[in-house]
Novice: 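This is the structure, below, for whatever I ask next.
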Amino acid sequence: METRYDHEKTEPRIYAQWEQSGYFNPDTLPGDRPEPFTIVMPPPNSNGSLHVGHALFVTLQDIMIRFARMRGKKALWIPGADHAGFETQIVYERELEKQGRSRFAMKPEELYKEILAFTLSNKTYMENQIRSLGASCDWSREKFTLDPDVVRKTQQTFRRLYDDGLLYRGKRIVNWCVKHQTSLSDVETEFKDRKDPFYYFTYGPFTIGTARPETKFGDKYVVVHPADERYAQFKDGQKIELEWINGPITATVVKDEAIDMSFGTGAMTITPWHDPVDFEIAERHKLDKEPIIDLHGKLLPIAGEFAGMKIDEARAKIVEKLRAKGLLVKTDEDYEHAVRVCYKCERVIEPQVLDQWFVKMKPLADLALKAVAEKKIAFIPDRFEKVFTYWMEHTLDWNISRQIVWGIPIPAKICERCGDGVPDLEDAVTACPKCGGPVRKDTDTFDTWFSSGQWPLMVLGYPDGRDFKTFYPTDVMETAYDLVFKWIPRMVFFGLYLAGDVPFRTVYFHGLVNDAHGKKMSKSKGNVMNPLDMTAKYGTDALRISLVVGNPAGSEMSLSEDRIRGYRNFSTKIWNIARFIEMNRPAGSTATKESFKKDETMLAKNPHMQRMAELRKDVTAHIEAFEFHLAAEKLYHYVWHELADKVIEAEKGRLRDGSPAEREESYELLEALLLGSLKMLHPFMPFVTEEIWQIFRPGTMLIVEPWE
RNA sequence: GGGCGUUUAGCUCAGUGGUUAGAGCGCUCCGUUCACAUCGGAGAGGUCGCAGGUCCGAUCCCUGCAACGCCCACCA
């Protein structure tokens with residue numbers, strides 16, 4: 001053996017050997033394997049390069065798959081790649097901006113073609129990066145979220161939802177991003193704390209409060225709580241003439257319990273077109289709604305002299321006009337509140353009422369809740385079950401329309417007369433089925449979660465594929481904990497709705513990987529660690545084990561280069577243990593593969609072998625319980641501080657000065673302990689263990705060795 | 001405004017109802033003769049956040065408090 005373990009030369013060679021062996025594919029695994037074990041890889045976004053989060057998920061999933069494979073399961077790990085709709089389009093728009101171009105000046109087909117080329121080249125790059133991390137996934141089954149069959153099936157689901165009455169086209173209030181010119185779901189927005197002035201205006205006999213005077217032009221309803229005695233003299237529906245921004249108007253009093261009597265004056269005017277609360281009030285009382293702001297954030301003609309102004313510039317001028325008219329009562333500076341912003345550009349969301357497709361969530365959420373209540377899915381750690389349940393109990397109808405080109409087209413026709421829509425997968429609808437009016441093609445695309453929510457079904461060839469019958473439901477879904485509400489619920493209810501069963505039996509959540517001081521890695525802080533730099537320097541095995549030890553499910557971890565270096569020393573240690581044993585192989589040793597079983601019987605009574613059996617039991621139990629950190633730590637401790645420090649040291653005497661028979665026995669013991677250790681370490685540190693294994697057992701491969 | 005998590009050695013973190021509470025890194029001293037200086041040996045360093053409670057016994061279970069962090073949220 002070489003004096004040093006050269007990970008840079010070894011890793012690509014070993015990976016190629018694995019890939020050629022066909023062992024990543026359950027169909028070509030040796031032996032009879034009746035029991036399947038399946039993991040669907042969360043498809044990485046094909047719009048960037050690998051970060052440590054990817055390295056973590058590859059490591060955890062690969063541990064589970066390798067463990068299952070060694071235990072004789074029909075192990076399948078399906079890789080994928082995500083076109084990542086809005087995410088990717090934004091990445092590409094930034095590229096365009098750098099080149100001084102804009103998507104709004106491009107033909108949609110042109111833009112789509114460019115993003116596709118960009119995504120496909122990134123996809124190949126990422127696949128190779130995942131290979132370099134040692135992922136033993138079945139590349140022959142890889143899926144891309146824009147594969148034709150995925151597109152077709154996603155569109156069929158759309159129609160099925162429609163036929164089942166779970167889908168409707170509605171004029172409803174949506175989150176609109178002025179920069180990106182698309183609507184966004186609630187999970188694509190964030191709240192940001194801000195301080196703004198809060199104005200009180202005279203509105204006829206009322207004083208109303210607002211932080212957004214620029215939306216107040218169309219306000220002709222003043223809402224108070226039905227139990228508010230201050231306003232008891234006003235009746236629901238009562239008309240009041242009053243002077244407002246651009247002249248006299250007729251206002252109507254509305255009584256609604258959504259009003260918080262203790263806030264402001266307890267009276268507010270509403271702008272249903274641009275505020276979700278106001279929209280709901282207007283819906284309840286069947287009030288008029290009209291737009292004040294256009295999709296570019298500019299005031300419409302209803303604003304009179306302010307028409308065409310951006311809302312930011314208009315605000316101060318409107319306040320000034322109201323002050324001049326004597327309608328400004330007072331201003332509270334520093335009013336603290338949270339505003340909804342676009343999660344990508346952090347610009348304030350301007351709610352708009354738009355015609356979009358919505359999925360009725362209640363029936364689907366109930367399916368998910370029932371399955372979880374029946375314990376059909378285990379959450380690890382289990383506290384995430386509560387989070388999941390909370391989300392499913394508080395769903396709003398899901399807006400699946402996106403005004404971007406990069407995605408799966410919504411196969412529908414929209415009536416130009418009545419605005420209604422109808423699914424049309426065959427492009428056969430020529431007139432509105434409702435009113436007979438002319439129709440146009442829907443140019444929107446699906447929210448990316450609409451298709452990725454069906455991912456486990458898609459990759460297994462739902463509904464009639466062979467894999468679907470064998471491998472669905474899958475065993476484990478391993479993902480980052482922030483997907484507990486973005487992605488996991490959608491997979492669960494689509495699985496139940498379409499296939500009648502949960503998509504996976506266990507969800508394992510990993511946490512964030514932070515920098516050495518527990519701070520979140522971010523480009524702006526400059527503390528981002530590139531996992532491939534680390535594997536180049538210290539080896540993939542070192543990075544993998546350093547991501548596992550001390551990192552229990554659901555918790556965040558801190559990762560430093562020092563730590564990885566420390567675990568690199570561990571692979572060196574393993575290498576040197578092997579080298580020492582190999583150097584002490586007696587000439588003509590009987591410890592060949594053929595005699596090994598016989599020797600094992602002889603060795604079984606040896607206390608060191610018994611100790612190893614105990615360890616194996618422990619490690620097995622920990623892996624089965626998803627306690628990879630404990631399994632890894634115990635192995636580390638055993639190999640270094642027992643096998644190397646104690647057993648080998650104790651055997652040195654016999655090896656040096658013993659009789660041939662003693663030397664033989666000593667060697668066989670050490671070799672058995674080494675090989676036993678390699679097996680258990682293999683899921684965690686696949687490269688160095690495979691390399692050493694093949695030195696001792698030429699012609700065989702550790703990846704398919706039986707676990708026990 | 002809700003909910004959750006964390007608080008253990010200088011740093012980053014594991015862990016356990018029961019003798020001396022662990023790991024990596026860092027630190028101190030010693031050691032290069034034949035597995036390994038990418039190392040070995042020896043060692044320093046902890047009132048396990050605070051206050052109560054349950055228990056024969058609590059770092060671990062319960063209650064309260066504090067600090068930090070995260071998630072959610074239609075008070076205009």
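Numbers restart at 1 for each chain; the letters A, B, ... are given by sequence-line order, proteins then strands.
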Novice: Rounding to an integer number of Å, can you tell me how far A:H394 NE2 sits from B:rA73 C1'?
Specialist: 10 Å

Novice: With a 4.0 Å cut-off, would you call A:E214 and A:R212 a salt bridge?
Specialist: yes

Novice: Using atom C1' of each nucleotide, how far apart are B:rG17 and B:rC60 to the nearest Å?
Specialist: 7 Å

Novice: Ignoring hydrogens and angles, does a donor from either the side chain of A:K652 or the base of B:rA35 sit under 3.5 Å from an acceptor on the other?
Specialist: yes

Novice: With sugar-phosphate meaning primed atoms plus P, OP1 and OP2, does A:L630 contact a base, only sugar-phosphate, or nothing at under 4.0 Å between heavy atoms?
Specialist: sugar-phosphate

Novice: Just to confirm, is there a sub-4.0 Å distance from OP1 or OP2 of B:rU38 to any side-chain nitrogen or oxygen of A:R4?
Specialist: yes

Novice: Could you check whether the side chain of A:S558 and the base of B:rU12 have a donor-acceptor pair of N or O atoms closer than 3.5 Å, going by distance alone?
Specialist: no

Novice: Answer with base, sugar-phosphate or nothing: what part of the nucleic acid does A:P552 contact at a heavy-atom distance below 4.0 Å?
Specialist: sugar-phosphate

Novice: State whether A:F580 and A:K652 meet the cation-pi test: NZ (Lys) or CZ (Arg) under 6.0 Å from the six-membered ring centroid, and within 45° of the perpendicular axis.
Specialist: yes

Novice: With nearest nucleotides of RNA chain B determined for A:T3 and A:K486 from heavy-atom distances, which residue corresponds to the more 5′ nucleotide?
Specialist: A:T3

Novice: Just to be sure I understand the rule, does A:W575 reach a base, reach only the sugar-phosphate, or reach nothing, if contact means heavy atoms closer than 4.0 Å?
Specialist: nothing

Novice: Pick base, sugar-phosphate or nothing for A:Y636, based on heavy-atom distances below 4.0 Å to the nucleic acid.
Specialist: sugar-phosphate

Novice: So what does A:G511 hit on the nucleic acid, given a heavy-atom distance under 4.0 Å: a base, only sugar-phosphate, or nothing?
Specialist: nothing

Novice: Output yes when at least one side-chain N/O atom of A:N569 is less than 4.0 Å from OP1 or OP2 of B:rC36, else no.
Specialist: no

Novice: Calculate the interatomic distance between A:Y538 atom OH and B:rG24 atom C1'; express it in whole Å.
Specialist: 14 Å

Novice: Can you tell me if the side-chain N/O atoms of A:W640 get under 4.0 Å from OP1 or OP2 in B:rG40?
Specialist: yes

Novice: Could you tell me the separation between the CD atom of A:E651 and the P atom of B:rC34, rounded to a whole number of Å?
Specialist: 21 Å

Novice: Identify whether the distance between the nearest side-chain nitrogen and carboxylate oxygen of A:R340 and A:D186 falls below 4.0 Å.
Specialist: yes

Novice: Have a look at A:A516 and say if it touches a base, only the backbone sugar-phosphate, or nothing, with a 4.0 Å heavy-atom cut-off.
Specialist: sugar-phosphate

Novice: When you compare B:rA67 with B:rA51, how far apart are their C1' atoms, in angstrom units rounded to a whole number?
Specialist: 15 Å

Novice: Will you find, in the side chains of A:N514 and A:S558, an N or O donor that is under 3.5 Å from an N or O acceptor?
Specialist: no

Novice: Counting only side-chain N and O atoms of A:H629, is one of them less than 4.0 Å from OP1 or OP2 of B:rG15?
Specialist: yes

Novice: Rounded off to whole Å, could you give me the CZ-to-P distance for the A:R340 and B:rA76 pair?
Specialist: 12 Å

Novice: Heavy atoms, side chains only, cut-off 4.5 Å: are A:H51 and A:V528 in contact?
Specialist: no

Novice: Test for a donor-acceptor pair under 3.5 Å between the base of B:rU38 and the side chain of A:R568, counting only N and O atoms.
Specialist: yes

Novice: If you measure from the P atom in B:rG41 to the same atom in B:rA35, how many Å do you get, rounded?
Specialist: 15 Å

Novice: Within less than 4.0 Å of OP1 or OP2 of B:rG40, is there a side-chain N or O belonging to A:K573?
Specialist: yes

Novice: Once you round it to whole Å, what is the distance between C1' of B:rG41 and CD of A:E649?
Specialist: 10 Å

Novice: On a plain distance test, is the side chain of A:R565 in donor-acceptor contact with the base of B:rU38 below 3.5 Å?
Specialist: no

Novice: Would you call A:E665 and A:R654 a salt bridge, using N to O less than 4.0 angstrom?
Specialist: yes

Novice: Hey, does the side chain of A:S560 come within less than 4.0 Å of B:rU12's phosphate (OP1/OP2), counting only N and O?
Specialist: no

Novice: Which sits closer to the 5' end of RNA chain B, A:T269 or A:I648, going by the nucleotide each is nearest to?
Specialist: A:I648

Novice: Consider the side chain of A:D275, meaning its heavy atoms from C-beta on, and name the nucleotide among B:rA76, B:rC72, B:rC4 that approaches it most closely.
Specialist: B:rA76

Novice: Mind checking A:D562 for me? I need base, sugar-phosphate or nothing, with any heavy atom below 4.0 Å counting as a touch.
Specialist: sugar-phosphate

